[in-house]
Amino acid sequence: MFSNSIAQSSTTTLSVDELTILINDILDVHTVNRILRNDVTLTKLKLSYKKITDAQFQVLMRLLANNTKITTLDVSGNNLSTESAKLLALNPTLQHLDLSRNAIDEDGACLLAGNHKLLSLNLNSNNPYYLEHSQKYRTTSHTIEAQCSTLKAQNLKKIGDKAAKAFALNKTLQYLDVSCNDIGTDGVIELAGNNTLKSLNIHSNHMISLSAVIALAINKTLRYLSVNNISPEGVEMLAATRTLEYLNVNSNSINRQVLVTLAANESIKSLDVSDCKIDDDGVSILARNQTFKELIIACNNMGPKGAKSLAENSIIKNLDISWNKIGDNGMVPLAASATLDTLCADMTGLGIASLNALRVNRSIKGLSIASNDIDDVGAEIISGNQVIEKLIIHDNKITNTGAEYLAGNKIFRDLDVGANEIKDDGAKKIAANSFLKKVDMSANKIGKEGLIALLANKKFKRLFCVSNDMEIDVFDLNALTRNKTLRKLNITCTIRNDSIKKLVLDSIAKNRAFYYSLLPTAIVFNQLAHNNDKYHHVFRNYVFFWIMAWVFEMENLSNEMIANVEKVSVSCRRIYAKKADALLFSQSVSSNSWVDASEKTVSLKK
């Protein structure tokens, strides 16, 4: 609880009722106190996917009015419109702002462009109709129609060329993300004329002309550029630049001449050419480059020959070859690399020979080998590696036996064994490991006993157990409050009793150690899975909760669930892409829901 004196301790003159709104829905008492005290150690505030409305945000901004220490604010995935953008445009303290996946329209973006204190701004996937979409499965059709009519009557426009021109005039912004909006050629040309931007993400906007690409190519300050919807000639123009250090041109059309130009580039350190239909010969050309530190070449037409050519490159440190038909013939040479730090090899058809080669590798510290039909024998082999710190072995065929082998490794610090066939005994073995810091056991067959064992581990900092066979009752709740070392918890349980559901939330609230917890996020979906055998195999995988929610227009899709799935989609995009295609992309779900493939490799290094 808090007293009137707390509310009066700031010249924001917030009432106790207003503070109560914030504390109940957005912040905890401790954080509110730190904000009011102008705590010098509180410089970042993360409030993503909190269902924050414009009215609540107005109260929040009044709370922050006299705080001069918070310079980074993340309010992504909320219900904020241009009304909130108006307040942020006038804020004199914030330097880094994430407003992605909100409902900011073009006028709101123009207002934000007038804030000359901001150094970085993320406006990815903003849409003035976002509020309608976010509420679609929690409201009646009558409410939807009324809301949609109101929005259309306001003639709101998505972020486009007008906003791009406004940002072009801002001379303090260094990092701008306006991907997945409505920017076209004119807007890109204007943005390219900004000589203070270092990083620009305009991926997934409109098709842009060669003249716009030329304008980007001659910009001398950009170091990071992400763009698609350009011609092969446009990609070649960018490949010839000598100032870019990171270039993301995934999902473009790339020919041999483009690859030759990229191979000759001496400035690019990180290149993403995933989903560009590159074959073995093309990969061999890229492998000649001697400056790439990171190469993301997932979802192409590479085979063993291309993998062998990459194995001869001693410069690349981080490599993503996922979703290519490489097999043991290509993987064994790569596994012998003495220079790779991270390797993503999901769905590459690797077998026992590849795993044996990876077992003795002494350079790779981050390895992802999801969706390769790895069984307990494979788990035993890879668990013998004494260098790997982060292992993603998601979506394979590992049972309790394989889990025991993996649990015996004392080097792993981050282990993802989600979407396997592990039950309580396997969970207990992993729970007994005192070296792991992060564990993901989602989409297995873990019950109450396994969960309690995992919660009893005093070393875990993050635990994810989404979509298992758990059913919590009142006698299990102590396990949620006793653990004081977990900082990030995400589990899903079947809770059929509303009173117990409330006790679960209370238990989470009492544990002050958690800064991120999503426990009852998919109760409705789990119950539906248990009651509908026809779709049970689909619901076992929590990525499919999102897909099925759209396809069958389910209700009660919470923002927490959206946040969870979008987080998961970063690491599962290619693992489930083929399975999801028939369901997802045949429906009215925007491809904006999926994150750029480059984020997968980046996540391995964290």
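Treat the numbers as computed from the prediction; the structure is a model and nothing was measured.
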Residue among Lys162, Lys158, Lys157 satisfying salt bridge (charged side-chain N to carboxylate O under 4.0 Å, His left out) with Asp107: Lys162
N/O donor-acceptor pair under 3.5 Å between Asn78 side chain and Ser76 backbone: yes
Backbone of Val75 reached by a side-chain donor or acceptor of Asp98 within 3.5 Å: no
Using distance alone, with no hydrogens and no angle criterion, decide if [X] and [Y] have a side-chain donor and acceptor under 3.5 Å apart.
X: Ser84; Y: Asp54; answer: yes
X: Asn124; Y: Asn122; answer: no
X: Thr41; Y: Arg34; answer: yes

Ignoring hydrogens, what is the shortest heavy-atom contact between [X] and [Y]? Give both atom names and the distance.
X: Val188; Y: Ala212; answer: CG1-CB, 3.9 Å
X: Asn228; Y: Asn205; answer: OD1-N, 4.4 Å
X: Leu238; Y: Leu244; answer: O-CD1, 4.3 Å
X: Lys50; Y: Leu47; answer: CG-O, 3.4 Å
X: Asn102; Y: Asn126; answer: C-OD1, 3.1 Å

NZ on Lys390 to NZ on Lys438, rounded to 0.5 Å: 6.0 Å
